[in-house]
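Accompanying notes for the structure given below.
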Amino acid sequence: MSEPAETTTAADTPRFRYTAALAGDIERRWQDFWETEGTFDAPNPVGELADASHPRAGAPKLHVQDMFPYPSGSGLHVGHPLGYIGTDSYTRYKRMTGFNVLHPMGFDAFGLPAEQYAVQTGTHPRVTTEANVERYRAQLRRLGLAYDNRRTFSTTDEDYYRWTQWIFLQVFNSWYDPEQRKARPIDELISAFESGARVNPAWATATPVEKRKIIDDHRLAYVSEAPVNWCPGLGTVLANEEVTPDGRSERGNYPVFKRSLKQWMMRITAYGDRLIEDLDALDWPEPVKLMQRNWIGRSQGAHVDFATETGGGTITVFTTRPDTLFGATYMVLAPEHELVATLTAPTWPSGTKDSWTGGHATPAEAVADYRAKAAAKTDEERQADAKEKTGVFTGAFAVNPVNGVRVPVFIADYVLAGYGTGAIMAVPAQDTRDWEFAEAFDLEIIRTVQPTDGWDGGAFTGDGPAINSARTDGDLDLNGLGVADAKARMISWLEARGHGTGATTYRLRDWLFSRQRYWGEPFPIVYDETGLPVPLPDSMLPVALPEVADFAPRTFDPDDADSEPETPLSRAKEWVEVELDLGDGPKRYTRETNTMPQWAGSCWYELRYLDPKNDKVLVDAANEAYWMGPQRPGDTGGVDLYVGGVEHAVLHLLYARFWHKVLFDLGHVSSVEPFRKLFNQGYIQAYAFRDARGIAVPAEEVVERDGAWYHDGEKVTREYGKMGKSLKNVVTPDEMCETYGADTFRVYEMAMGPLDVSRPWDTRAVVGSQRFLQRAWRLVVDEETGAVRISDDAADEKTRRLLHKVIDGVRGDMEELRFNTAIAKLIELTNGLTGLAEPPREAVEPLILMMAPFAPHLAEELWSKLGHTGTLTYADFPVADPALLVADTVTYPIQINGKVRGKIEVPADADEPTVRAAALSEIADHLAGREPRKVIVVKGRMVSVVL
RNA sequence: GCCCGGGUGGUGGAAUGGCAUACACGGCCGCCUUAAAAGCGGCUGCCGAAAGGCAUGCGGGUUCGACCCCCGCCCCGGGCACCA
């Protein structure tokens, strides 16, 4: 390396001080070096990226990945790279401990903002997106992040989305076999129907088109006419996961309506059980696992059939508490339930209470009125009204199958059409909602579980012995059984008598997979004259996005629920209408004009990093097995460490797991899960300031005086939140690199707290990290002359002990991602060395190696100044000498009744009686002749005396 | 309402049963400087002149000893919310 260019600084700043300018010079040089040398290229076992001569070829592997960013137009602020710097520090450390490290970075570049910008300005989304990606690359490069640059891509690259489309075809060409609990090729289902191995009564007589429909209904990707979330304001439909609990779009906050529309779906529900069960094997934060469990919402219980008296058919309910069936005193259907019309009685039966009729003369009127009111309510209003139970009696009665008792049937909006069967048996004694309804409508309450002593009334949902739960004929008696046993007994009775079956239901719905947008992956699907979908062969991939004049989907008045989606691609007429030869000669086809949701590209990118140049397969089996395969029996495989924000807990992470499992079932990957270990980093937030009018003022211009804040002499108020343009509190990594240098910025971000904790940004405090690096620099370089001032003499005993204590501590911290405490220890070591006239090489070299993960440019520079050639990337991380970790003397604090009253220093190997005697003599004054009641000596720790 | 996570100096944080407040910021004092900045050194939990006392959200408990374990409560952040 060449000597640094002379830095221009104030006249009296020492010429060789580690200033921002010098740091910038060092950083640029090393970034160029790393890039030219391909320093961070990780060798694959096979293929184009294999390299048997690499220092880590064949070494134990480590695959660490960040959730890749969407490259937004405003670039990075200091909060964005927190996780990237964390994984970079960790992987640089692991490289030095012998691992072959894969740490790639890419860009999730399809998505709404580029499209909306395109709509406003007419700029093609590809142009905007590529410019943003270049800006991100430059910003990340400047931070010295050690990526394997051969493995980077954007999801918008044709080479990439070609494989996204290929995976879609895999999903489309599969069905889920519940017996084998896995996806299988659709051809196997067709063969099974043909041979009769699987019985489908309609198959034998079906026409070819009908057979296609039957098959299409089994595919894992399918078109369905079903209620979906239609968002007129965005002009597109949305997945359930993209709709907020108050019924609005997560992006844009527009109203969302339930509309029945023909859309692509993915059968993620088939994987509900496996998605829940396999969570147990993952090393993920518990809250994220819990959110996924809740979202999937598996509940186990039974379907129970209730006969109806009026000939309206059988009402099937789902219940998690079949044990309480003797306490079912009424039933409720969702207002939209299909049996409501046929059930509703012509007149009010005798015994109808006034409160049940809603003031109407006939059940039909009451039902019609209630249904109209319920339909008019938005989800939001429905929730707001949730406290008060409403409903009306249908005039119909059903028969409780367990004891033959007649129970009235109501409709009420507290029962949801979309969950279970849309109908419930109501057991007020054991269900809070049913209790509230029963009180409001004066219905009977029969306890079937004995509440605990002192229960003050209300529904009892806990465990207890069953009561009032026996048939008079002795055929069934649950009394005395606990809830679990009673459930099991009841289910077997229902099954034996044909009244019901054990059952499991899910809250999870199938994944709505099509969007009415331009900037997304086109579907590799065309439609023939039957209107049924036809998959394109692999040879026709990629299906490239066509050029269009107008990128916008048709949007509507956000409240216009009856509007119809219209896709941008449908306007590219010459693209949509196409002649193809799909095996039976050239024919006219119509292309699918929806595009895939933004999640598609991020559903599998962890796999493409493994083998990004491969144009034969998605990922070579040997490369996949090496980087992501299971490491031992029972292991799920997957990325060894995946770092990102908790906001993707159910969206991205659920979809990616689903796709990965399909690919596993079809034999394309050996790992069962995409991400073995997940880590949620915290957020860096910032203070923002507003003046008296409530307008945000530039945060950097605000000064603090006596606990108040002022801007231009005017008092302003402070708030805490995200960094953003509108709050005028954005701080960028570029500014930090300019003012302090990238290494200082990196050290500061890692030192300011644990990686998983959110915290406020404080530019003023960055100088502390710069001072640390300056002190370390000064250990090696004379600031005035630039000469290396290291001594080759042995370190003194004290220095040596400090060094090895720090090595030991830093290794432990690095393994556990405790970067803040690792840096604190490095600062202690540095401070311990700065006092020495000539710092010993023996201690300085390990210090530099240990600093390398956090301040890689500085470390490389000092390493070469100490006479080493090339990079330290693959140098060995220091190892502590165990002999130097045990002290030869130990200081024991002495407590009297829990308060420290003295200290003694004794040889480390002193036995207990010696320590005890020394301690008692030390505190003789405090004892004043009294005999201690008890003396506890904790070896190596302390002495506790009780008076 | 239910389920998670958290509450430690002026600030970010350290300590997972054994000397509470490591490390850093800020503040104060000093060195250097014509001066300022930068840099370097010292002090800095609170009360108190000191001796000493008091401090890890609040109240109890277990223990020789509790920020740490247990019980009850308060506050902050997040998730879910009529899911039968």
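Quantities reported herein were computed from a predicted structural model and do not represent experimental measurements.
Take A/Glu719 and apply the side chain to side chain donor-acceptor pair (under 3.5 Å) test, not counting sequence neighbours, and it matches A/Arg690. Partners of A/Arg818 under the side chain to side chain donor-acceptor pair (under 3.5 Å) rule, at least two apart in sequence or in another chain, are A/Asp813. For A/Glu738, the side chain to side chain donor-acceptor pair (under 3.5 Å) partners two or more places apart in sequence, or in a different chain, are A/Arg142. Residues satisfying the side-chain contact (heavy atoms from CB on, under 4.5 Å) criterion with A/Val946, sequence neighbours excluded, are A/Asn897, A/Arg933, A/Lys934. A/Tyr506 pairs by the side chain to side chain donor-acceptor pair (under 3.5 Å) definition with A/Asp273, not counting sequence neighbours. Under the side-chain contact (heavy atoms from CB on, under 4.5 Å) criterion, A/His77 pairs with A/His80, A/Met723, A/Val730, not counting sequence neighbours. A/Arg916 meets the side-chain contact (heavy atoms from CB on, under 4.5 Å) test with A/Leu920, A/Val935, A/Val937; sequence neighbours excluded. Applying the salt bridge (charged side-chain N to carboxylate O under 4.0 Å, His left out) criterion to A/Glu783, with sequence neighbours excluded, gives A/Arg17, A/Arg778.
Of the residues near RNA chain B, A/Ile936 and A/Arg298, the one whose nearest nucleotide (by heavy atom distance) lies more toward the 5' end is A/Ile936. Both A/Ala824 and A/Gly418 sit near RNA chain B, but only A/Ala824 has its closest nucleotide nearer the 5' end.
Residue contacts for A/Met291: at a heavy-atom cut-off of 4.0 Å it reaches the sugar-phosphate backbone alone, with no base atom in range. A/Asp434 comes within 4.0 angstrom of no nucleic acid atom, judged by non-hydrogen atoms across all strands. The residue A/Ile827 sits close only to the backbone: its heavy atoms come under 4.0 Å of sugar-phosphate atoms, none of a base. Heavy atoms of A/Glu828 sit under 4.0 angstrom from primed sugar atoms or phosphate atoms, though from no base atom. A/Val946 comes within contact range of the sugar-phosphate backbone alone, with a heavy-atom separation under 4.0 Å but no base atom that close.
Residues from residues 643-653 of chain A placing a heavy atom under 4.0 Å of any atom in RNA chain B do not occur.
Regarding A/Glu719, its CD atom lies at a distance of 14 Å from the P atom of B/G77, rounded to whole Å. Taking atom CD1 on A/Ile684 and atom P on B/G77, their separation rounds to 20 Å, with Å as the unit. For the pair A/Glu439 CD and B/C82 P, the computed distance is 21 Å after rounding to whole Å. For the pair A/Arg507 CZ and B/C3 C1', the interatomic distance rounds to 14 Å; values are reported in whole Å. The CD1-P distance, from A/Ile896 to B/C19, rounds to 16 Å in whole Å. The interatomic distance linking A/Asn294 (CG) with B/C80 (P) rounds to 9 Å, in whole Å. One can place CD1 of A/Ile894 at 15 Å from C1' of B/C64, the figure rounded to the nearest angstrom. B/C23 atom P lies 12 Å from atom NZ of A/Lys825, rounded to whole Å.
Looking at heavy atoms from C-beta onward, A/Ser769 lies out of side-chain contact with A/Tyr740 at the 4.5 angstrom threshold.
The separation of B/A15 from B/G7, taken at their P atoms, amounts to 12 Å, rounded to a whole angstrom. Between B/G59 and B/A66, the two C1' atoms lie 16 Å apart (nearest whole Å). Annotation: B/C69 and B/U16 have their C1' atoms spaced 10 Å apart (nearest Å). To the nearest whole angstrom, the two C1' atoms, one in B/A22 and one in B/A14, are 5 Å apart. Taking atom P in both B/C25 and B/C74, one finds a spacing of 40 Å when rounded to whole Å. To the nearest whole angstrom, the two C1' atoms, one in B/A50 and one in B/C40, are 33 Å apart. B/U8 and B/U56: their P atoms are spaced 11 Å apart (whole Å). Annotation: B/U44 and B/U34 have their P atoms spaced 32 Å apart (nearest Å).
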Query raised in the report: What pattern of brackets, bars and dots sums up RNA chain B from 5' to 3', given Watson-Crick or G-U wobble pairs under 3.5 Å, [ ] for crossing pairs and | for another strand?
Result: (((((((..(((.....[....)))((((((.......))))))(((....)))..(((((..]....))))))))))))....

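Here the shortest heavy-atom pairing between A/Ile424 and A/Val317 reads C-CG1, 3.5 Å. The heavy-atom pair separating A/Leu275 from A/Leu654 by the smallest distance is CD1-CD1, 4.2 Å.
Residues A/Tyr330 and A/Phe441 keep their aromatic ring centres 6.0 Å or farther apart. Taking the six-membered ring for Trp, A/Tyr748 and A/Trp761 have ring centres closer than 6.0 Å.
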Report task. Could you run through nucleotides 4-15 of chain B and give me one letter per nucleotide, 5' to 3': B if any protein heavy atom sits under 4.0 Å from the base, S if only the sugar-phosphate is that close, - if neither? Result -> S-------SSS-

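For B/G9, the glycosidic angle deviates from 0 by 90° or less, giving a syn base.
A donor N or O paired with an acceptor N or O is found under 3.5 Å between the base of B/C82 and the side-chain atoms of A/Lys389.
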Below 3.5 Å is the cut-off: list the nitrogen or oxygen pairs between protein and nucleotides 38-42 of chain B, distance only.
from: B/G39; atom 1: OP1; to: A/Arg771; atom 2: NE; distance (Å): 3.3
from: B/G39; atom 1: O4'; to: A/Arg17; atom 2: NH1; distance (Å): 3.4
from: B/C40; atom 1: OP1; to: A/Arg778; atom 2: NH2; distance (Å): 3.0

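In this structure, A/Thr421 contributes its side chain and A/Thr316 its backbone to a donor-acceptor pair below 3.5 Å. Looking at A/Asn680, its side chain does come within 3.5 Å of a backbone N or O of A/Gly644 through a donor-acceptor pair.
Between A/Ser758 and A/Gln685, the side chains place no donor N or O within less than 3.5 Å of an acceptor N or O (distance only, hydrogens not considered).
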